[in-house]
Structure formats: C-alpha cells, structure tokens
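Everything on this sheet refers to the single structure shown next.
FYI, the numbering just counts along the sequence from 1. Side chains included, hydrogens not; waters and symmetry mates left out as well; all remaining heavy atoms used. Small disclaimer: the values here were computed from a predicted structure and weren't measured.
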Amino acid sequence: RKEGLATLARVLEHSDVAAVPNGAAAIPRLLVERLRLRVAGLKFEPREAARIDPRVLRRVDACGVAARTLTVREPLLGAVFGTMHLRLALAAGVPTRMVEGLATEIMYGATEGVSGAARVEQLIACARALELTRAEPHAQAYFTTALAAHALLTGRFAEAAESAAEADEIYRERCTGVTGPLNLARCIWAPATLFLGEVPRAMGPLTAWLQDAREREDLEAEGQLGVY
C-alpha cells in the first residue's frame, strides 16, 4: 500500500499536481475542490486533444488515475482527485476525458446517498448530453459502470446488476486493455445480484472470474472478487 501511494505521489508530482493530505485532513481540500467545481459549473467548450498543451492533459490524466486508483483504499482522498479531475477535464474540453471525469464523479457522488442525489442527477444529465456515452465503447462502458454504481449505492439492485452486466459485455466485446474497469463492473454486479437474493446466479460467474484472476496473477482483482 505504501509503495503504491509513493508511486502515485511521484506520478502526480511529475504532472505538476499538488499533493493532497490523506485521512481527515483531506476533508477541507475536498470542500474547496467541490466549491471550485460549483463556481466553474459544468459548462465546457469541446476541443481536440491535439490542440491542447500536453502539460494540461497530463494533469487531467494524473488526477483521473489517482481518483480511480484510490476508490477502494482511500475513498476520501480519491474523491478529492475525482473532483479535480472533472474540473480540469471540463476546462480542457476533450470529450473522452470529460466522460471519464463525469463518470468518476458520479460514482463518488453516489456514496453520499440521498443528500447527493440532485447533484448526481445533474452529472448524469451532463454526461448523457455527450455523444461519446452512446458511440465510443470505452466511454459508454465506463459511464454505464458509473450508472451501475449509482444504482447499487442507492438500493436499486436490479438496475445496478443490469447496468453492470451491460458494461461487462461492452468491455469484453468491444474494448481492449480494460482489466481495471472490467473488474470494477464485476465488483458492482456481484453484490447487486447477491442483494437480490440470487446467490446461485452469482456464484457461477464469481468462481470463474476469481479463477481467471488467479491465473493472470491479478492480485487486485483476486482481492476484490474474493470478498464475495
């Protein structure tokens, strides 16, 4: 864990992203970042990545990596980077990065439950307005995963299982190099299906996925799927 955080810190430093304290000390920073995003709003001007300073894109991507990496182990710290990621992605205006930022923020926002419902719905509406959520496989799958997470965390288990299964199918059939996002979709499908009381239906895929993770020596997937 410490080595992973140290590596992430080096990536952030190389990308000129300021360090964020972890634990309770991250709360003031999260509040500041949420305020900055609220002031900036969800407006954007679409741009091609080739026309943007690579240093700007590097900052966007570094925050995105941090947000996704810290989702499980350091969720509060990950939420800070998730909000930063979305704000920077909207400012940059590259559609693929905006979808990633919106989807990640939807997942973190969903953890707030009913209190964050209105904000999450606003994020979902903004993402749906982007054609990529329907046309580009990676964007479509990641956005669908975010919808699944939102449904799971608000008690809509049937909807969560359906969306997670849809994302799983898109990842497998239309994308490459998506081990991490695919694992996330499966880690949403599993509890959603179990909460529906469909234990036999869940155990078959879980056993196969866990065996596959072991054969690939994917310790992260094995640890996540093994808890079920």
Side-chain angles (χ1 to χ4, degrees), residues 34 37 41-42 44 60 63-65 67-72 75 78-79 81-87 89-90 94-175 177-198 201-202 205-206 209 221 224-225 228:
R34 287 278 175 88
L37 178 60
L42 298 178
F44 58 86
V60 174
C63 288
V65 168
R68 293 188 294 273
T69 301
L70 298 169
T71 302
V72 176
F81 285 112
T83 303
M84 290 173 63
H85 180 213
L86 177 54
R87 177 173 57 81
L90 290 169
V94 180
T96 54
R97 288 169 169 85
M98 287 192 290
V99 171
E100 290 175 357
L102 287 162
T104 300
E105 190 70 356
I106 287 167
M107 286 187 262
Y108 278 111
T111 64
E112 299 173 15
V114 176
S115 64
R119 177 171 173 271
V120 171
E121 289 301 326
Q122 186 181 21
L123 295 168
I124 290 173
C126 184
R128 288 192 191 280
L130 295 168
E131 178 65 25
L132 284 178
T133 58
R134 299 179 295 278
E136 201 281 324
H138 288 82
Q140 182 183 7
Y142 193 51
F143 176 59
T144 304
T145 301
L147 295 179
H150 177 42
L152 175 65
L153 293 169
T154 50
R156 293 172 288 125
F157 304 130
E159 184 179 337
E162 182 180 353
S163 293
E166 180 183 348
D168 183 295
E169 182 178 358
I170 296 170
Y171 281 132
R172 287 185 293 102
E173 297 186 359
R174 301 172 59 194
C175 304
V178 291
T179 300
L182 178 59
N183 289 339
L184 176 58
R186 291 174 172 177
C187 286
I188 294 170
W189 181 88
T193 304
L194 291 171
F195 287 147
L196 288 170
E198 300 180 5
R201 177 189 172 203
L206 273 172
W209 294 340
Q224 291 174 343
L225 295 169
Y228 303 111

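- Taking CG of Leu130 as the reference point, atom CD of Gln140 lies at 13.5 Å (rounded to 0.5 Å).
- Note that the CD1 atom of Ile106 and the CG atom of Leu153 stand 12.5 Å from one another [nearest 0.5 Å].
- Arg172 is linked by a side chain to side chain contact (heavy atoms under 4.5 Å, CB included) to Asp168, Glu169, Leu182, Arg186, counting only residues two or more places apart in sequence or in another chain.
- Crowding of Glu136 atom CD: a count of heavy atoms from other residues, nucleotides or ligands under 6.0 Å exceeding 12.
- The closest side-chain heavy-atom distance from His150 to Glu159 is not below 4.5 Å.
- No donor-acceptor pair under 3.5 Å is formed between the side chain of Tyr171 and the backbone N or O of Ala185.
- When every heavy atom of Ala141 is checked against every heavy atom of Ile170, the shortest pair comes out as CB-CG2, 3.7 Å.
- A distance of 5.0 Å separates SG of Cys126 from CG of Leu42, quoted to the nearest 0.5 Å.
- Among all heavy-atom pairs drawn from Ala161 and Ala192, the shortest one is N-CB, 3.8 Å.
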Pair Glu100, Arg68 - check side-chain contact (heavy atoms from CB on, under 4.5 Å), show working. CA-CA 10 Å; Glu100 290 175 357; Arg68 293 188 294 273; 4.1 Å; yes
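- Across all non-hydrogen atoms, the minimal contact from Gly82 to Thr104 is CA-CG2, 4.4 Å.
- Annotation: Phe157, atom CZ; neighbour count of heavy atoms from other residues, nucleotides and ligands within 6.0 Å is above 12.
- For the residue pair Arg97 and His85, the shortest heavy atom distance occurs at O-NE2, 4.1 Å.
- In this structure, the side chains of Thr154 and Val120 stay at 4.5 Å or more apart for every pair of heavy atoms.
- Considering every non-hydrogen atom in both Ala160 and Ile188, the closest pair reads O-CG2, 4.4 Å.
- Side-chain contact between Pro181 and Thr145 is absent, with no heavy-atom pair separated by less than 4.5 Å.
- Side-chain contact between Leu86 and Tyr108: absent, with no pair of heavy atoms (C-beta onward) separated by less than 4.5 Å.
- Under 3.5 Å, the side chains of Arg201 and Thr193 contain no donor-acceptor pair of N or O atoms.
- Using a cut-off of 4.0 Å between Lys/Arg side-chain N and Asp/Glu carboxylate O, Arg128 and Glu121 are scored as not salt-bridged.
- With rounding to the nearest 0.5 angstrom, the OH atom of Tyr142 is 10.5 Å from the CG atom of Leu102.
- Atoms OG1 and CD, from Thr71 and Gln224 in turn, are 9.0 Å apart once rounded to the nearest 0.5 Å.
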Candidate pair Glu105 and Arg87, rule salt bridge (charged side-chain N to carboxylate O under 4.0 Å, His left out), full reasoning: CA-CA 10 Å; Glu105 190 70 356; Arg87 177 173 57 81; over 6 Å; no
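- Put simply, CG on Leu206 and CH2 on Trp189 are 6.0 Å apart, with the number rounded to the nearest 0.5 Å.
- Scanning both residues, Ala146 and Met107, for their nearest heavy atoms gives CA-CG, 3.6 Å.
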